[in-house]
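The block underneath contains the structure these notes are about, expressed in structure tokens.
All figures in this text were calculated on a predicted structure; none of them were measured in a lab.
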Amino acid sequence: MKDKVYIQDLGKYVGREVKLEGWLYNKRSSGKIKFLILRDGTGLLQCIVFKGNVTEEEFEIADKMGQESSFRVFGLVKEEPRAPGGYELDVKKLELISESHDYPITPKEHGIEFLIDHRHLWLRSKRQTAILRIRHRIVKAIRDFFDSRGFTLLDTPIITPTSVEGTSTLFETQYFDLGKAYLTQSGQLYAEAGAMALGKVYTFGPTFRAEKSKTRRHLTEFWMVEPEVAFFDLNDDMDLAEEFIEYVVQTVIKDKAEELKTLERDTSKLEKVKRPFPRISYDEAVEILKKNGVDFPWGDDFGGADETIISDQFDRPVMVHRYPAEVKAFYMKRDPENPKLALAVDVLAPEGYGEIIGGSQREDDYDELVKRIKEHNLPQEPFEWYLDLRRYGSVPHSGFGLGLERTVAWICGIEHVRETIPFPRMIYRNTP
């Protein structure tokens with residue numbers, strides 16, 4: 001029995017006979033030679049089947065196998081710089097595991113609706129596996145960043161009795177005999193409770209928005225990481241955000257160069273994502289829009305096109321802070337120098353990818369928070385536990401949320417977020 005190996009580890013086995021298992025990615029013939037491209041989930045490998053080196057039956061299998069047939073090969077590993085991955089296998093034995101014929105996703109062009117309908121198969125393509133590997137590395141970088149800085153992961157509920165910003169954009173469900181409940185749009189309120197217990201926490205999990213947004217930046221189910229830190233003000237929050245983004249981007253550049261190359265990503269733009277990031281006020285952002293011919297009324301929130309114009313002025317993410325309080329959530333602290341402004345910050349990614357971080361200093365004064373709840377026409381009773389955080393040892397604290405899929409889209413250079421998650425959920429699709 002030869003060693004079972006994976007394509008990603010072949011460098012350790014040059015000159016040795018090994019066993020590999022996988023699927024037929026592609027093939028071609030040249031007389032008495034068959035070139036089978038094997039994929040095993042870790043890479044691609046060219047397998048050379050010479051007619052004289054295998055049995056007649058095995059050579060016939062190699063000739064008739066269809067795309068995505070699963071098979072097992074035994075052979076000698078050789079270096080070959082011209083082959084995918086830099087190695088090839090001189091096949092000594094071939095075994096068919098399961099035949100595949102008429103595979104629907106052929107090497108020709110397919111429309112996006114066809115591909116999304118066959119997302120369970122589309123995931124096998126070289127581009128999609130590259131995206132998913134980068135997503136995996138981003139997730140690990142996120143965890144590594146916070147874990148190495150003394151943060152504690154806090155797992156917050158997906159089913160909640162109320163919302164962070166009102167229930168108009170939440171998925172509603174009946175919760176046994178207790179009445180209405182909602183799928184979470186953020187773990188932030190619970191993270192604040194965690195920060196009062198543990199000092200530095202982060203939540204990381206799926207969140208849900210029932211907004212009827214049909215844009216390239218929106219999903220109805222997406223993942224978000226949300227750090228929350230006691231004794232942090234807005235400036236501390238912005239320092240953490242830029243250190244965090246720099247770490248994630250530079251880690252992916254270093255560790256996933258091959259996947260970025262597969263996606264034809266211009267990494268020179270990502271290499272510029274280093275501290276310090278420009279920090280501009282909402283007022284300064286409005287001036288940028290006006291200078292670029294946009295008649296933007298002060299007090300409105302920025303749309304996607306506005307964010308693109310603002311971010312186009314910079315070669316790295318830009319931090320826009322101190323928004324009008326009227327367009328921000330009830331829990332955001334007002335600027336003591338100008339109560340019309342909230343101590344909030346959005347981080348806009350370059351190249352038109354929009355907001356990837358939204359954060360703020362939280363209102364830590366009990367009376368002010370009660371006032372904000374009333375101003376936003378929210379019922380106070382469901383927030384009594386949240387108000388307890390202000391009753392018993394309140395401190396200044398801040399945090400932010402980063403949307404994973406938008407971040408993946410930006411780092412990968414993808415046009416639409418539907419390719420950044422294995423099975424996207426959008427307002428017009430909940431299958432497969």
Side-chain angles (χ1 to χ4, degrees), residues 1-107 118-137 139-140 255-263 422-423:
M1 177 68 68
K2 306 301 179 188
D3 294 331
K4 162 70 184 293
V5 302
Y6 290 94
I7 292 170
Q8 67 182 7
D9 300 321
L10 282 180
K12 305 173 187 175
Y13 295 90
V14 174
R16 292 170 58 181
E17 289 196 359
V18 298
K19 174 177 75 173
L20 294 106
E21 295 169 322
W23 299 265
L24 183 65
Y25 187 75
N26 208 342
K27 73 175 183 179
R28 61 186 177 88
S29 299
S30 179
K32 297 181 179 181
I33 306 175
K34 305 294 180 186
F35 299 90
L36 309 181
I37 305 300
L38 173 81
R39 67 167 190 86
D40 69 352
T42 73
L44 299 175
L45 173 66
Q46 180 169 271
C47 301
I48 312 298
V49 185
F50 287 95
K51 191 168 187 178
N53 288 354
V54 296
T55 66
E56 287 287 341
E57 181 185 5
E58 289 169 346
F59 193 78
E60 187 175 344
I61 289 171
D63 184 52
K64 293 184 176 179
M65 267 199 303
Q67 186 182 350
E68 289 301 316
S69 292
S70 56
F71 65 105
R72 182 180 296 117
V73 283
F74 302 80
L76 184 69
V77 179
K78 296 180 177 180
E79 289 190 90
E80 175 48 77
R82 295 169 298 178
Y87 303 96
E88 67 180 17
L89 191 76
D90 186 1
V91 176
K92 307 297 184 184
K93 183 176 177 60
L94 184 150
E95 296 176 357
L96 180 67
I97 298 172
S98 178
E99 281 193 84
S100 168
H101 294 290
D102 302 318
Y103 185 68
I105 303 179
T106 59
H118 294 84
R119 182 65 173 166
H120 51 294
L121 301 177
W122 189 24
L123 291 177
R124 303 181 186 187
S125 72
K126 189 175 181 182
R127 172 183 167 87
Q128 299 307 311
T129 55
I131 294 168
L132 293 182
R133 287 195 187 98
I134 291 172
R135 178 189 171 103
H136 168 79
R137 190 63 188 93
V139 168
K140 186 175 187 302
D255 292 350
K256 291 297 171 186
E258 193 62 36
E259 285 80 2
L260 291 168
K261 184 178 178 182
T262 295
L263 299 174
F423 296 96

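A side-chain donor-acceptor contact under 3.5 Å links T129 to the backbone of S125. Looking only at distances, no side-chain donor or acceptor of T42 sits under 3.5 Å from a matching main-chain atom of Y6. Panel note: side chain Y103, backbone L121; a donor-acceptor pair is recorded below 3.5 Å. Proximity of a side-chain donor or acceptor of S30 to a complementary backbone N or O of I33 within less than 3.5 Å is not detected. S70 places no side-chain N or O within 3.5 Å of a backbone atom of G22 that could act as its donor or acceptor partner. Side chain of Q67 to main chain of I105: a donor-acceptor pair is present (N/O by atom type, distance under 3.5 Å, no hydrogens or angles).
Of all heavy-atom pairs spanning G43 and R133, the tightest one is N-NH2, 3.9 Å. G66 and L24 make their closest contact through O-CD2, 3.4 Å (heavy atoms, listed as atom of the first residue, atom of the second, distance). The two residues A62 and L94 make their nearest non-hydrogen contact at CB-CD1, 4.2 Å. Shown here for R124 and Y25, the closest heavy-atom pair between the two residues is O-CE1, 4.2 Å. What you find for I7 and L38 is that their closest heavy atoms are CD1-O, 3.5 Å. The minimum heavy-atom distance between D90 and K78, with the atom names listed, is OD2-NZ, 3.5 Å.
To the nearest 0.5 Å, the span separating SG on C47 from CD1 on I37 amounts to 7.5 Å. Atoms NZ and CZ, on K140 and R137 in that order, are 5.0 Å from each other to the nearest 0.5 Å. Summarising the geometry, atom CG belonging to N26 is positioned 10.5 Å from atom CD belonging to Q46; distances are rounded to the nearest 0.5 Å. Atom-to-atom distance recorded for F59:CZ and F50:CZ is 10.0 Å, nearest 0.5 angstrom. Interatomic distance, CD of E99 versus OG of S69, reported as 6.0 Å (0.5 Å rounding). Within the model, atoms CD of E95 and CZ of F71 stand 11.5 Å from one another, a figure rounded to the nearest 0.5 Å.
Under the 4.0 Å criterion applied to side-chain N and carboxylate O atoms, E58 and K92 are not assigned as salt-bridge partners.
Within 6.0 Å of NE2 in H136 there are 12 or fewer heavy atoms belonging to other residues, nucleotides or ligands. Annotation for K126: atom NZ does not count as buried by contact number, only 12 or fewer foreign heavy atoms lying within 6.0 Å.
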inquiry  = Please evaluate residues E68 and R39 with respect to the criterion side-chain contact (heavy atoms from CB on, under 4.5 Å), reporting the C-alpha separation (whole Å), side-chain torsions for both, the decisive distance (0.1 Å), and the verdict.
reply    = CA-CA 9 Å; E68 289 301 316; R39 67 167 190 86; 2.8 Å; yes
task = Test K93 against R72 for side-chain contact (heavy atoms from CB on, under 4.5 Å), laying out the working first.
result = CA-CA 8 Å; K93 183 176 177 60; R72 182 180 296 117; over 6 Å; no
key: Residues Y87, E79; criterion side-chain contact (heavy atoms from CB on, under 4.5 Å); working and verdict   = CA-CA 4 Å; Y87 303 96; E79 289 190 90; 3.8 Å; yes
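Inter-residue side-chain proximity for E60 and M65 is flagged as unmet; no heavy-atom pair is nearer than 4.5 Å. Two residues are said to be in side-chain contact when any heavy atoms from C-beta on lie closer than 4.5 Å; V91 and I48 fail this criterion. Residues V49 and L36 are in side-chain contact: their nearest non-hydrogen atoms beyond the backbone lie under 4.5 Å apart. Considering only heavy atoms from C-beta on, P422 comes within 4.5 Å of L132 through its side chain. Side-chain contact between L20 and L89 is present, with heavy atoms from C-beta onward closer than 4.5 Å.
Each of D40, V18, V77 was checked for a side chain to side chain contact (heavy atoms under 4.5 Å, CB included) with V5, and the lone residue meeting it is V18. The residue from K27, K34, K32 that alone fulfils the salt bridge (charged side-chain N to carboxylate O under 4.0 Å, His left out) condition with D63 is K34.
There is a side-chain donor-acceptor pair under 3.5 Å between R119 and Q128.
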